[in-house]
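Shown next, in structure tokens, is the structure this report addresses.
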Amino acid sequence: MKEMQTTYTPGQFEDAIYEKWLKSGAFSAKIDPDKVPFTVMMPPPNVTGQLHIGHALDETMQDIVVRFKRMQGYAVLWQPGVDHASLATEHKIVEKLREEGTTKEELGREEFLRRAWAWKEQYGGRIVEQLKKLGSSCDWSRLAFTMDEKCSRAVREAFFRLYEAGLIYRGSRIINWCPDCKTALSDEEVSWSEDAGHFWYFKYPVEGSDEFLTIATTRPETMLGDTAVAVNPADKRYASLVGKTLILPLVGRRIPVVADSYVDPAFGTGAVKITPAHDPNDFEVGLRHDLPMIRILNDDGTINKEGGVYEGLDRYEARRRIVEDMEKEGLLLKVEAHTHNVGHCHRCNATLEPLVSKQWFVSMQTLAKPAIDAVAKNKTKFTPDRFAKIYYNWLENIRDWCISRQLWWGHRIPVWYCADCGAEVVTPKDDPTVCPHCGGTNLSQDEDCLDTWFSSALWPFSTLGWPEETPEYKYFYPTDVLVTGYDIIPFWVMRMMVSGLRYTKKVPFRDVLIHGLLRDDQGRKMSKSLGNGVDPIEVIQNYGADSLRLALISGVAPGNDTRISNAKFEASRNFLNKIWNASRFVLMNVKEEISEDLSKVKLQPADRWIISHLMTTVREVTLALQKYDLGIAADKVMSFAWEDFCDWYIELSKPALYGTDDERRRQTLSVLLFVLRNTLKLLHPFAPFITEEIWSYLPGNEGLILTADFPRYNSRLAYREEAKSFEGIIELIKAIRAIKVSVNCPPAKKVHVYLVTDPRQLQGVKRLVGLNKQSILRLAGASEVEFSESGEAAGDKTVSQVVSIAHIFVPLGELVNIEEERARIQKELLKVEEEIARASGKLANQNFVAKAPKKLVDDERAKLEKYMDMKQKLAVRLAALA
RNA sequence: GGAAGUUUAGCUCAGCCGGGAGAGCACCUGCCUUACAAGCAGGGGGUCAUAGGUUCGAACCCUAUAACUUCCACCA
């Protein structure tokens, strides 16, 4: 047999274990009509991205569920994949080109895409390798990419169907424009922040008078596009000006004063400059009052020809110059400091400009309704369920989705324009060459790409071959559970629900398991700029993948944000070292073939106790995993393994292992092996590497723990009563230990223990103690334990304690101070009296006795009896010490 | 303005169907006891944010209040 090392050194076996798993083929999903499918779609990380701690949490949670289900015998498909991440990837490539001194426009579309694919090839494998380090047991043979043929086909079909249904349209609307990335963004891609800015008060002259109307603005440069000033219709201050004309300074344009209830009279001056082309609210006002829309910005954020003398200036330079010029004209009234919410590009953080632009949109309202209903009718369930409210909140207030991006890396919009008749041509599969309207051949494809999330929204079924009715699609769809962070609900969860219901008529997943975000040990978000990010690969190197996995999920309630720190990784690592050494202990004692068939073993009380606890743990862990309470499940396994198995059972087993009764030794080993094997199985989904490694050392193993059966609760092994009575022995051992400590008795000094037991219980207790005598002596540090009629046999210099099975007397000679002992007993007595007061108070309450469940009342009576008995014994002892 | 969450030991957090307040870390005491010092044994420490209510019984359910966090809307 191989020898195990004395400490847990994950770095020495994790990679080899992963290879073993891959070779076994157990990650590959197989369609099996005799099995129940269980399907999970991995949220695809960005193809050129790097693994961060958030992925690690997401992956770990999926892997736990998937491994659990695989062990339970489901036909598991965990579909992995990567996302082309149109904007993020293109942004990186553009930056690289900038370093090289060129631009994408200079390269041209074709060359740019060639470079992008090369980039994808270069970095696309990295994230996959990192996922493997975590132990992810997904089916790599099915690795998908959002721009591969399958997914692209699905995108094309989906676009076609929505277009045909009139749910995709092209229009000029106010969108969020990033002047750096030079593309439109959806509302969801805007990140807002409170930025310090200014409020500039400008005076606009009223035509044909000496009067002025004062407005306030945070973006002076937009005045170049002003086509009106609005006031509230109820505002008496400005009533006389409504309908009059102002002369827009610097520009000279004649603009009307209009009345519109959108204006808040209490804010600013109560008069608002209206720039319909550069503000969503102004856009609406413009529509209501039929105002012209004058766009003043180029795509790169410089002023266009509408800006007259300011043409060509960057927006901020223009702002500075305009303020300066207004001041020169005497039209700048004042400047105030002002903080306001400013939208930034979530990718490059540049300040966004709202502007009117012709883009493609998806009408969301009709599509949203089935998605709302599906959750309301519980066809898809959120865990924790409070996230359903967040989901509703989004869908009920949904606005149209801007899906076109002025990018090249992505799915090109499948629309062709006929140069001859101006028609839009959209086809589901092949590119059109002839215009179906006029027969012209002068077709050109839209230059833009689709939002990345358009293809992500199809992920649960595009990866399975939809729109074809493939065997995979029929067997594995709908999927079972989607695991993701709450920050992705609006981007992805919602859109998958919408698309799934629209295209497949089914919910894409039955459960959505939501997790929180990870924060540093001070509760701050992890970010590149703070440099407080935890690199999962580094953690794996230092502590092992299993430590990382345990640290991420143990003690965490679903959906809550989590702080992580090295202290947590250390704690997990220590636990795993414990498991490692416990296994090593068991194995080093196995010197011959040991049967694990418990029906052939004459079980001792301690054996039944640990088996009983194992069964309880099996039941609780299974239940928790089924409810996706991963943190609770992990904690249950861990406390069973460490406390029950290591701290108690292994210690209890030592007398038998080192004793002379060979039959007894072998039987104890049977139990040790049985419990160890099942503990490893319970732990496997959480800590796959170490459990697989130890598994390889276990005798008589065929195959991997990866594909072993998950333990099942067996009522024949529950041993409820036996386990309960054995608790008395544990209580006894603990009490003797405490007695020794209370008088500073050196642990190595063995003590003689006298037990006094109620005559009614004597036979049972004697038998129980007799069966466990060696364990009691060893664990409590005693030389002898004997029964006696009274405590007198122990003499005067004695410390005593009452436990449920006996009154304990330990003579400790010089170590005993009678005064202290009296005080200790008195304190003990006080505690017992409190308990008696509590229990009898409860039982005196007629309502409690009448209304509480019978079992509770009975339990309370039993407790009262027990405490009365303890009180009596303590009182006698106290009197004897007097 | 709308929504969701949090408030429990010194710190970080669990706490399921309402039925004697838990873990890890930290702290104190004693131990290298032949699996493990990444360990063992023993211990101290909590007005479960506040105020009401429901209930025989509330950390848990309801109402209000306070503080903090996040998301959405939005300040021209």
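Labels below follow one simple rule: chain letters A, B, ... track the order of the sequence lines, proteins then strands, and each chain is numbered from 1. Just so we're clear, the structure is a prediction, and the values are computed from it rather than from any experiment.
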*Distance, rounded to the nearest Å, where Asp279(A) contributes CG and rC74(B) contributes C1'*: 11 Å

_Is the terminal nitrogen or CZ of Arg619(A) (NZ for Lys, CZ for Arg) located under 6.0 angstrom from the six-membered ring centre of Tyr713(A) and within 45° of that ring's axis?_
yes

_Nucleotide of rU70(B), rC16(B), rC74(B) approaching Lys636(A) most closely (side-chain heavy atoms)_ = rC16(B)

_Check: Ala376(A) main-chain N/O paired with Tyr392(A) side-chain donor or acceptor under 3.5 Å_ = yes

*What integer distance in Å separates Asp521(A):CG from rG24(B):C1'?*
15 Å

*Can a cation-pi geometry be assigned to Lys654(A) and Phe585(A), taking NZ or CZ under 6.0 Å from the six-membered ring centre and within 45° of the ring axis?*
yes

*Take atom CH2 of Trp192(A) and atom P of rG1(B), then tell me their distance rounded to the nearest Å.*
19 Å

*Considering only the P atoms, how many Å lie between rC60(B) and rC16(B), rounded to the nearest integer?*
11 Å

*Whole-Å distance between rU12(B) P and Asn566(A) CG?*
17 Å

_Lys/Arg-Asp/Glu bridge criterion (N-O < 4.0 Å) met for Asp282(A), Lys273(A)_ = no

*Could you state the CG-P distance from Asp282(A) to rA76(B), rounded to the nearest angstrom?*
10 Å

_Sugar-phosphate, base or nothing in reach of Arg219(A), heavy atoms under 4.0 Å_ = nothing

*More than 12 heavy atoms of other groups within 6.0 Å of Glu336(A) CD*: yes

*Look at all strands and tell whether Tyr867(A) reaches a base, only sugar-phosphate, or nothing, counting heavy atoms closer than 4.0 Å.*
base

*Could Glu833(A) and Lys831(A) be called an ion pair, given the rule that one side-chain N must be under 4.0 Å from one carboxylate O?*
no

*Tell me, what's RNA chain B's dot-bracket, Watson-Crick or G-U with both distances under 3.5 Å, | for other-strand, [ ] crossing?*
(((((((..((((.....[..)))).(((((.......))))).....(((((..]....))))))))))))....

*Where does rC17(B) fall, syn or anti, if syn means a chi angle no more than 90° from 0?*
syn

*Grab the CG-P distance between Asn397(A) and rC74(B) for me, whole Å please.*
11 Å

*Which whole number of Å gives the distance between the P atom of rC32(B) and that of rG15(B)?*
40 Å

_Would you say that more than 12 heavy atoms from the other residues, nucleotides or ligands in this model lie under 6.0 Å from the CE of Met868(A), or not?_
no

*Whichever of Thr217(A) and Pro747(A) has its nearest RNA chain B nucleotide further upstream toward 5'*: Pro747(A)

Restricting to nitrogen or oxygen on both sides, can you table the protein-nucleotides 35-40 of chain B pairs closer than 3.5 Å?
from	atom 1	to	atom 2	distance (Å)
rA35(B)	OP1	Lys654(A)	NZ	3.2
rA35(B)	OP2	Tyr658(A)	OH	2.9
rA35(B)	O3'	Arg584(A)	NH2	3.4
rA35(B)	O2'	Asn581(A)	OD1	2.7
rA35(B)	O2'	Arg584(A)	NH2	2.4
rA35(B)	N7	Lys654(A)	NZ	3.4
rA35(B)	N6	Cys646(A)	O	3.3
rA35(B)	N6	Glu651(A)	OE2	3.1
rA35(B)	N3	Asn581(A)	O	3.3
rA35(B)	N3	Ala582(A)	N	3.3
rC36(B)	O4'	Asn581(A)	OD1	3.2
rC36(B)	O2'	Asn577(A)	ND2	3.1
rC36(B)	O2	Lys578(A)	NZ	2.9
rC36(B)	N3	Lys578(A)	NZ	2.6
rA38(B)	O4'	Asn574(A)	OD1	3.0
rA38(B)	O2'	Asn577(A)	ND2	2.9
rA38(B)	N1	Tyr8(A)	O	3.4
rA38(B)	N3	Arg573(A)	NE	2.9
rG39(B)	OP1	Asn574(A)	ND2	3.1
rG39(B)	O3'	Lys578(A)	NZ	2.9
rC40(B)	OP1	Lys578(A)	NZ	3.0
rC40(B)	OP1	Trp642(A)	NE1	2.6
rC40(B)	OP1	Asp647(A)	OD1	3.1

_Under-4.0 Å side-chain N/O to phosphate OP1/OP2 contact, His340(A) with rC74(B)_ = no

*asked:* Let me confirm one number: the CD1-CG distance from Ile564(A) to Asp521(A), rounded to the nearest 0.5 Å.
replied: 9.0 Å

*asked:* If I pick the C1' atom on rG45(B) and the same atom on rC31(B), what distance separates them, to the nearest angstrom?
replied: 23 Å

*Would you mind reading off the distance between Asp487(A) atom CG and rA4(B) atom C1', rounded to a whole angstrom?*
15 Å

*Please work out which residues in residues 548-564 of chain A have a non-hydrogen atom less than 4.0 Å from an atom of RNA chain B and list them by number.*
Gly555(A), Ala557(A), Asn560(A), Arg563(A)

Polar-atom pairs under 3.5 Å, protein N or O versus N or O of nucleotides 55-59 of chain B: list them with distances, or write none.
from	atom 1	to	atom 2	distance (Å)
rC56(B)	OP1	Lys851(A)	NZ	2.1
rC56(B)	O2'	Asn845(A)	ND2	2.7

*On a whole-Å scale, what distance lies between the P atoms belonging to rU47(B) and rU29(B)?*
25 Å

*Base, sugar-phosphate alone, or nothing: which one does Gly544(A) contact when heavy atoms must sit under 4.0 Å apart?*
nothing

*asked:* Quick check on ring-ring contact (aromatic ring centres under 6.0 Å, His included): which of Tyr8(A), Phe575(A), Phe689(A), Phe569(A) does Tyr543(A) satisfy it with?
replied: Phe569(A)

*Say you pick atom P in rU34(B) and the same atom in rC40(B); how far apart are they, in whole Å?*
14 Å

*For the pair Asp858(A) and Lys854(A), find out whether any cationic side-chain nitrogen is under 4.0 Å from an anionic carboxylate oxygen.*
yes

*Which value, in whole Å, describes the distance between the C1' atoms of nucleotides rA49(B) and rC36(B)?*
42 Å

*Got a donor-acceptor contact below 3.5 angstrom from the Asn581(A) side chain to the Asn577(A) backbone?*
yes

*asked:* Once salt bridge (Lys or Arg N to Asp or Glu O under 4.0 Å) is applied, what residue pairs with a partner in residues 544-564 of chain A remain, sequence neighbours excluded?
replied: Asp63(A)-Arg549(A), Arg519(A)-Asp561(A)

*Which comes earlier along RNA chain B counting from the 5' end, the contact point of Trp648(A) or that of Glu620(A), where each point is its nearest nucleotide?*
Glu620(A)

*Does a nitrogen or oxygen in the side chain of His338(A) sit under 4.0 Å from OP1 or OP2 of rA76(B)?*
yes

_Taking only the C1' atom of each, what is the distance from rG24(B) to rC17(B) in whole angstrom?_
27 Å

*Considering only atom P, compute the distance from rU12(B) to rG52(B) and round it to an integer number of Å.*
29 Å

*Which heavy atom of Thr339(A) sits nearest a heavy atom of Ala196(A), and at what distance?*
CG2-CA, 3.7 Å

*Separation of Ile390(A) atom CD1 from rC71(B) atom P, in whole Å?*
11 Å

Enumerate donor-acceptor pairs with a distance under 3.5 Å from any side-chain N or O in residues 738-748 of chain A to protein atoms, sequence neighbours excluded.
from	atom 1	to	atom 2	distance (Å)
Lys740(A)	NZ	Pro747(A)	O	3.2
Lys740(A)	NZ	Lys749(A)	O	2.8
Lys740(A)	NZ	Gly781(A)	O	3.0
Ser742(A)	OG	Ile739(A)	O	2.7

*Would you call Lys863(A) and Asp859(A) a salt bridge, using N to O less than 4.0 angstrom?*
no

